[in-house]
Colleague: 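Structure provided below as structure tokens; questions to follow.
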Amino acid sequence: MILTQELSSIVGEAFAAEGFDASYGAVRVSDRADLAQFQCNGALAAAKAAKANPRAVGEKIAARLNADIRFADVALAGPGFINLTLTDAALNDRANALAADERLGAWTAPVREKIIIDYGGPNIAKPLHVGHLRSAIIGQCLRDLLEFVGHDVKGDIHLGDWGLPMGQLITEIEADRPDLPYFKAEFTGPYPVESPITLEELERLYPKASAACKDNPERAKKARDATAELQKGRRGYRALWQHFVTISCAAIEREYADLGVKFDLWKGEADVDPLIAPMVEKLRAQGIAVEDQGAVVINVARESDKKEYPPLILYKSDGAVMYGTTDLATIIDRRDTAHPDRILYVVDGRQRDHFEQVFRAADFAGIFPKERLEHLWFGTMNGKDGRPFKTRAGGVLKLQQLISDVKGAAEVRVRDMLEPIEFRAFEQIAGNARSRSMSDDEAEDVLNKVAIGALKFADLSNPRTSDYVFDIDRFTSFEGKTGPYLHYASVRVRSVLKKAQAAGAGAPGSVRISAKEERDLVLTLLQFGEAVKDAVEKRLPHYLCEHAFNLAQAFSKFYAACRIVDEADGSLRASRQTLASATGRQLDLILDILGMPAPEKM
RNA sequence: GACUCCGUAGCUCAGCUGGAUAGAGCACCCGCCUUCUAAGCGGGCGGUCGCAGGUUCAAGUCCUGCCGGAGUCGCCA
């Protein structure tokens, strides 16, 4: 059970015994660590409701709580705050329970839900770029977090594999190589198994094709016609398109893998194409979809709206579908194939209006209830200038480039750590560095984990909905509240426990708080449950990051102040090993959920 | 023009349903490796919470107005 919940229930009983609502007993970690460990502000609200004196109410509650042996101190302060401090004995008990719990005190969802989470959206024939980064990182983290607390979660990539760009590509290739069998209407045989074009050609042709269509209306019409043919199922086009998808997906999968991101479902817009016509037909028959200015739309505006919501367009006036159409059809597909309780979308905040339209339409049409569709939007990643991240030339930075930049910076850092002898005055330090010497493979592994971890933590530690400045100089400095700080703490836990075993320090044993740093570490460990609950319920991973940082910091202080391997007192040595071990396991668990597992050594 | 998000320390950002002395990290200054990884630890410096009103016993937090920034607003995604 979450510690603050347990305390809330104790204090709530005291309120109830005095004739107040038990909900006034809400306890949280104290804002004033110098005064107490926990606080309850309920006396103020209770007094207001009862038109009583807040201090008088607080006195009554405090008097009841004082009788509880679990509290070392219950004090009334200020206008009516109830300050609570637990005894070390009570903390020891809870620390031992946490250390014995394989989930290290984590929270579990009370109801298991089936959830689909959509955090991809890459397009065929286009390499991933920075715009895909936040969605991938946040989405993967939420996916794993939701699964961790007990939900049945499937991540869906939702490929952009349909529509006009495909027609543009097909016609581009046709102009370039008309001899290919895909373009011969009379061709009846099997098409080649091998793709006629490589990934590189595909990525080169895509921008060329879209630029050509922009400049030349005739060229654009060809692309539209080809798109229509493709959608009608023309064999050659379908076969060619299948090649695009196959080679593109292989590349996309590899790029996501570099980030530790993966998907359970590889569905795309093309998969729901067959559902669109029957869907629209039905909606029209029901009178939900109507014709308007030559287009077929669903009106989603409401009387109470402050802002104007334009209708969701299902068919444009030229008969083509839009992404709102495929989004709606995708909900139907998901509903009928996976039967989810809830569908989550991890997509840029600039699409808030769009999702509001789609969700209203889905709800209005009886397809899926709006309150079970969530747009978990995120802010933009900006450059140092405060504007959306661009390369120096003003272009879009490819994800691969970004990753290799970060790795490059990490490499410099790792080399400094491995070859610091001339900079270090003490032989002992040099010895430490040498003892850490690792093989090339190990160094590569460290490099990857540290670099990707730094990138991910920089993103996840911001609240999802905030824009943030991606300053490569800043976060490759790797100091302070960064991924490497967490990795470093994890590595030190591992290392010290290993050394303790090697030195014959004995087995870990019961936790016995003997110093402030130990008490603070225990209190931090016990906040994990709440951090998980907050992160899950608000779908905000930064609560988890915040906790991970607090934990790493509490451990670093403990580590600096308390000896472990060579502590003379055997029971303290055992206690501290348990504390270190629980810290290490809780930290590693969080790092796994954040998608940034720590290296073995650094 | 309408609507949304934002404005907190020199920089990058937290701040939960209003509550005590507004917190981190970086940068800067001082100290700490003959002892478990110094990517660390301790200490210091630094804020009229954009501005002006209002509600409240209590406002960074709620309401109104203004200033400044970003974004969205029917056939792109």
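A quick note: this is a predicted structure, and the numbers were derived from the prediction, not measured. The sequence lines fix the lettering, A, B, ..., with proteins before strands; numbering per chain opens at 1.
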Colleague: My understanding is that only residues two or more places apart in sequence, or in another chain, count here; which of them pass side chain to side chain contact (heavy atoms under 4.5 Å, CB included) with S8(A)?
Modeller: V27(A)
Colleague: Taking any heavy-atom pair under 4.0 Å as a contact, classify D34(A): base, sugar-phosphate, or nothing.
Modeller: base
Colleague: Quick one: list whatever passes side-chain hydrogen bond (donor to acceptor under 3.5 Å, both in side chains) with Q527(A), sequence neighbours left out.
Modeller: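 Partners of Q527(A) under the side-chain hydrogen bond (donor to acceptor under 3.5 Å, both in side chains) test: none.
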Colleague: Is there a side-chain contact between E546(A) and K481(A), using heavy atoms and a 4.5 Å cut-off?
Modeller: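 A side-chain contact under 4.5 Å exists here.
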Colleague: So, is S495(A) near the phosphate of C36(B), with a side-chain N or O under 4.0 Å from OP1 or OP2?
Modeller: no
Colleague: So for N83(A) and A20(B), does any side-chain atom that can act as donor or acceptor lie under 3.5 Å from a complementary atom in the base?
Modeller: yes
Colleague: Between N41(A) (CG) and U17(B) (C1'), how many Å, whole number?
Modeller: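 Rounding to the nearest Å, CG of N41(A) and C1' of U17(B) are 11 Å apart.
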Colleague: Set out, line by line, the N/O atom pairs under 3.5 Å between protein and nucleotides 3-6 of chain B.
Modeller:
{"from": "U4(B)", "atom 1": "O2'", "to": "R352(A)", "atom 2": "NH1", "distance (Å)": "2.9"}

Colleague: Which value, in whole Å, describes the distance between the C1' atoms of nucleotides C36(B) and G19(B)?
Modeller: 44 Å
Colleague: With a 3.5 Å cut-off and heavy atoms only, can you find an N or O donor on one side and an acceptor on the other between the side chain of D292(A) and the base of G74(B)?
Modeller: yes
Colleague: Determine whether R224(A) and C213(A) make a side-chain contact, defined as any pair of heavy atoms from C-beta on separated by less than 4.5 Å.
Modeller: no
Colleague: Checking side-chain contact (heavy atoms from CB on, under 4.5 Å) against Q39(A), which of N83(A), L84(A), L7(A) comes through?
Modeller: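 So the option named by the test is N83(A).
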Colleague: Using the P atom on both, measure U72(B) against C28(B) and round to a whole Å.
Modeller: 38 Å
Colleague: Could you list all the salt bridge (charged side-chain N to carboxylate O under 4.0 Å, His left out) pairs where at least one residue sits in residues 551-566 of chain A, not counting sequence neighbours?
Modeller: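 Found R563(A)-D566(A).
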Colleague: Taking the nucleotide of RNA chain B with the closest heavy atom to each, which residue, R28(A) or A77(A), is nearer the 5' end?
Modeller: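 Taking each residue's closest nucleotide, the earlier one in sequence belongs to R28(A).
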Colleague: If you measure from the C1' atom in G15(B) to the same atom in C49(B), how many Å do you get, rounded?
Modeller: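 My reading of the C1' atoms in G15(B) and C49(B) gives 11 Å.
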Colleague: Just the table, please: protein N/O against nucleotides 7-9 of chain B N/O, every pair under 3.5 Å.
Modeller:
none

Colleague: Nearest whole Å is fine: how far is U72(B) P from D467(A) CG?
Modeller: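 From D467(A) CG to U72(B) P: 12 Å.
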Colleague: What's the CD-P distance between Q39(A) and A20(B), to the nearest Å?
Modeller: 8 Å
Colleague: Distances under 3.5 Å between protein N/O atoms and the N/O atoms of nucleotides 22-25 of chain B, please, pair by pair.
Modeller:
{"from": "G25(B)", "atom 1": "OP1", "to": "Q553(A)", "atom 2": "NE2", "distance (Å)": "3.3"}
{"from": "G25(B)", "atom 1": "O2'", "to": "K481(A)", "atom 2": "N", "distance (Å)": "3.4"}

Colleague: With the stacking rule set at 5.5 Å and 30°, tell me whether F81(A) counts as stacking on A20(B).
Modeller: yes
Colleague: Check the distance between G42(B)'s P and F558(A)'s CZ and give it to me in whole angstrom.
Modeller: 15 Å
Colleague: Whole Å only: how far is the CG atom of L497(A) from the C1' atom of U37(B)?
Modeller: 13 Å
Colleague: Which residue pairs pass the ring-ring contact (aromatic ring centres under 6.0 Å, His included) test with at least one member in residues 307-330 of chain A, sequence neighbours excluded?
Modeller: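 Checked against ring-ring contact (aromatic ring centres under 6.0 Å, His included) - neighbours excluded - the pairs reaching residues 307-330 of chain A are Y323(A)-H354(A).
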Colleague: Taking only nitrogen or oxygen atoms into account, show me every contact under 3.5 Å that the protein makes with nucleotides 56-63 of chain B, one pair per line with its distance.
Modeller:
{"from": "A58(B)", "atom 1": "N6", "to": "K48(A)", "atom 2": "NZ", "distance (Å)": "3.2"}

Colleague: For A489(A), enumerate each residue passing the side chain to side chain contact (heavy atoms under 4.5 Å, CB included) test, keeping only those at least two apart in sequence or located in another chain.
Modeller: A552(A), L587(A)
Colleague: Taking CZ from F478(A) and P from A38(B), how many angstroms apart are they, rounded to a whole number?
Modeller: 19 Å
Colleague: Fit a plane to each ring of Y559(A) and F555(A), take the angle between them on a 0 to 90° scale, and name the class: parallel (under 30°), tilted (30 to 60°) or perpendicular (over 60°).
Modeller: tilted
Colleague: Could I get the full list of side-chain hydrogen bond (donor to acceptor under 3.5 Å, both in side chains) partners for K126(A), not counting sequence neighbours?
Modeller: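 For K126(A), no residue satisfies side-chain hydrogen bond (donor to acceptor under 3.5 Å, both in side chains) once neighbours in sequence are set aside.
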Colleague: Once you apply a heavy-atom cut-off of 4.0 Å, does V469(A) come out as touching a base, just sugar-phosphate, or nothing?
Modeller: sugar-phosphate
Colleague: Sort and list the pairs that fulfil salt bridge (charged side-chain N to carboxylate O under 4.0 Å, His left out) and have at least one residue in residues 39-50 of chain A, not counting sequence neighbours.
Modeller: none
Colleague: Give the stems involving RNA chain B, where a stem is 3 or more consecutive Watson-Crick or G-U wobble pairs (i with j, i+1 with j-1, and so on) under 3.5 Å.
Modeller: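 Consecutive-pair runs (3 or more) involving RNA chain B: B:1-7 with B:67-73, B:10-13 with B:23-26, B:28-32 with B:40-44, B:50-54 with B:62-66.
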Colleague: Whole Å only: how far is the OH atom of Y323(A) from the P atom of C76(B)?
Modeller: 11 Å
Colleague: What's the CG-P distance between N382(A) and C11(B), to the nearest Å?
Modeller: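 The answer, rounded to whole Å, is 16 Å.
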